[in-house]
Amino acid sequence: MKHALIAMRAIVLREALRFVHQRERFVAALVRPLVWLLVFAAGFRAALGLSITPPYQTYITYETYIVPGLCGMILLFNGMQSSLSLVYDREMGSMRLLLTAPLSRAWLLFSKLLGSTIISILQVYAFLLVAWLFDITLPGWGYLAALPALLLAGLMLGALGLALSSFIKQLENFAGVMNFVIFPMFFLSSALYPLWKMAESSELLHDICAANPFTHAVELIRFALYVEVNGMALVWTTLATAVFMALAVWGYDPARGMMTRKG
């Protein structure tokens, strides 16, 4: 256990140092959600009416509604970007060296996942601070209550990125594959508009959004920010995390996964 904790500390520290040396990642992580919050929300505010739905106890502005979804956006993009570094590490050989360590492959991958998730959460709180400066306030305890939800959601999305990275052979293919994952997951969810709004236009679209793991991650964050627990979202996010992590471990197993075909 001692050696496992030392390995985790080293991997998490490596992720932190990589992030420190790539300051543009921090800026990019804030620019994307802030563009939606300050630019697109102004146009959607008049077009999208919002009713009183849990966890909200009164009518809210559209900007307030999309804050949890934009937190999820940060976790989603960072989870995928962290997986990009895995593809790069594998091409450079450092990933193979890491996986030859005399420790459980699942533990090593989880340590990598935890490091990237911690960085993502710090970026989420930076975004929430900027949103607060623009007078988009949330319940005081909600900022603390959201931490476990952000951690679980970040682990789920990071595990998805890990699983996908195990199937991507070359760095050049990563961006194309991610575009087929990130944008459908984000737009076909409750991040930008509630599910009942989806049902008004298409029941099929509503069902697709309801089955999207990202929707459950966003709803978990949304309720946590208002110091409430969404049991259904918690169950499905936990289940998706376990499934994606299992796929990642299988994918990075030289005896069974896609690593065998990457030479």
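Fair warning: this is a prediction, and the values are worked out from it, not measured in the lab.
Heavy-atom minimum distance, Leu75 versus Ile121: CD2-N, 4.4 Å. Residues Leu109 and Leu162 come closest through the heavy atom pair O-CD1, 3.8 Å. Smallest separation of non-hydrogen atoms from Leu113 and Gly154: CD1-O, 4.4 Å. Considering all non-hydrogen atoms of both residues, Phe186 and Ala191 come closest at CE1-CB, 3.8 Å. Closest approach of Pro213 to Met156, counting heavy atoms only: O-CE, 3.7 Å. For Asn230 against Phe223, the heavy-atom pair with the smallest separation is ND2-CE1, 3.3 Å.
Taking 4.5 Å as the limit, every side-chain heavy atom of Thr61 sits out of range of all side-chain heavy atoms of Ile136. Counting only heavy atoms from C-beta outward, the side chains of Leu155 and Leu151 approach each other to under 4.5 Å.
Both Ile118 and Phe244 are part of a single hydrophobic cluster, where members link through side-chain heavy atoms under 4.5 Å apart. Taking hydrophobic clusters as Ile, Leu, Val, Met, Phe, Trp and Tyr residues chained together by side-chain heavy-atom distances below 4.5 Å, Leu138 shares a cluster with Tyr62. Under the 4.5 Å side-chain heavy-atom criterion for Ile, Leu, Val, Met, Phe, Trp and Tyr, Leu195 and Leu225 are members of distinct hydrophobic clusters. Residues Val227 and Leu144 share a hydrophobic cluster, clusters being chains of Ile/Leu/Val/Met/Phe/Trp/Tyr side chains in contact below 4.5 Å. Hydrophobic clustering keeps Leu220 apart from Trp236 (ILVMFWY residues linked when any side-chain heavy atoms are closer than 4.5 Å, directly or through intermediates).
Between the Arg222 side chain and the Ser190 main chain, a donor and an acceptor come within less than 3.5 Å of each other. A donor-acceptor pair under 3.5 Å is formed between the side chain of His216 and the backbone N or O of Ala210. Under the 3.5 Å distance criterion, the side-chain polar atoms of Tyr125 are matched with a main-chain donor or acceptor of Tyr143. Side chain of Asn212 to main chain of Met185: a donor-acceptor pair is present (N/O by atom type, distance under 3.5 Å, no hydrogens or angles).
The CD atom of Glu219 lies 9.5 Å from the OG1 atom of Thr237; values are rounded to the nearest 0.5 Å. A distance of 7.5 Å separates CZ of Phe110 from CE of Met245, quoted to the nearest 0.5 Å. Once rounded to the nearest 0.5 Å, the distance linking CG of Leu70 with CD of Glu63 reads 10.5 Å. To the nearest 0.5 angstrom, Thr137 atom OG1 is 6.0 Å from Asp135 atom CG. Between Leu128 atom CG and Cys71 atom SG the span is 4.0 Å, to the nearest 0.5 Å. Note: Ile74 CD1 to Ile119 CD1 = 13.5 Å, rounded to the nearest 0.5 Å.
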Set out, in order, the CA-CA distance, both residues' side-chain angles and the distance that settles side-chain contact (heavy atoms from CB on, under 4.5 Å) for Leu192 and Trp36, then state yes or no.
CA-CA 9 Å; Leu192 300 178; Trp36 278 99; 3.8 Å; yes
Go through the steps for Phe134 and Leu37 under the test side-chain contact (heavy atoms from CB on, under 4.5 Å), then give the verdict.
CA-CA 10 Å; Phe134 281 93; Leu37 185 65; 5.7 Å; no
Thr238 and Thr241: CA distance, side-chain angles, deciding distance, side chain to side chain donor-acceptor pair (under 3.5 Å) verdict
CA-CA 5 Å; Thr238 303; Thr241 303; 6.0 Å; no
Go through it in stages, so that I can follow the logic: the residues are Leu152 and Leu234, the test is side-chain contact (heavy atoms from CB on, under 4.5 Å), and I'd like the CA-CA distance, side-chain angles, deciding distance and then a yes or no.
CA-CA 9 Å; Leu152 181 57; Leu234 176 61; 3.7 Å; yes
May I have the step-by-step check of side-chain contact (heavy atoms from CB on, under 4.5 Å) for Phe214 and Phe187, ending in yes or no?
CA-CA 10 Å; Phe214 185 68; Phe187 289 109; over 6 Å; no
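The aromatic rings of Tyr226 and Tyr56 stand perpendicular to each other, their planes meeting at an angle above 60°, with 30° marking the opposite boundary.
In this structure, Arg32 forms no cation-pi arrangement with Phe127, as its terminal cationic atom is not both closer than 6.0 Å to the ring centre and no more than 45° off the ring axis.
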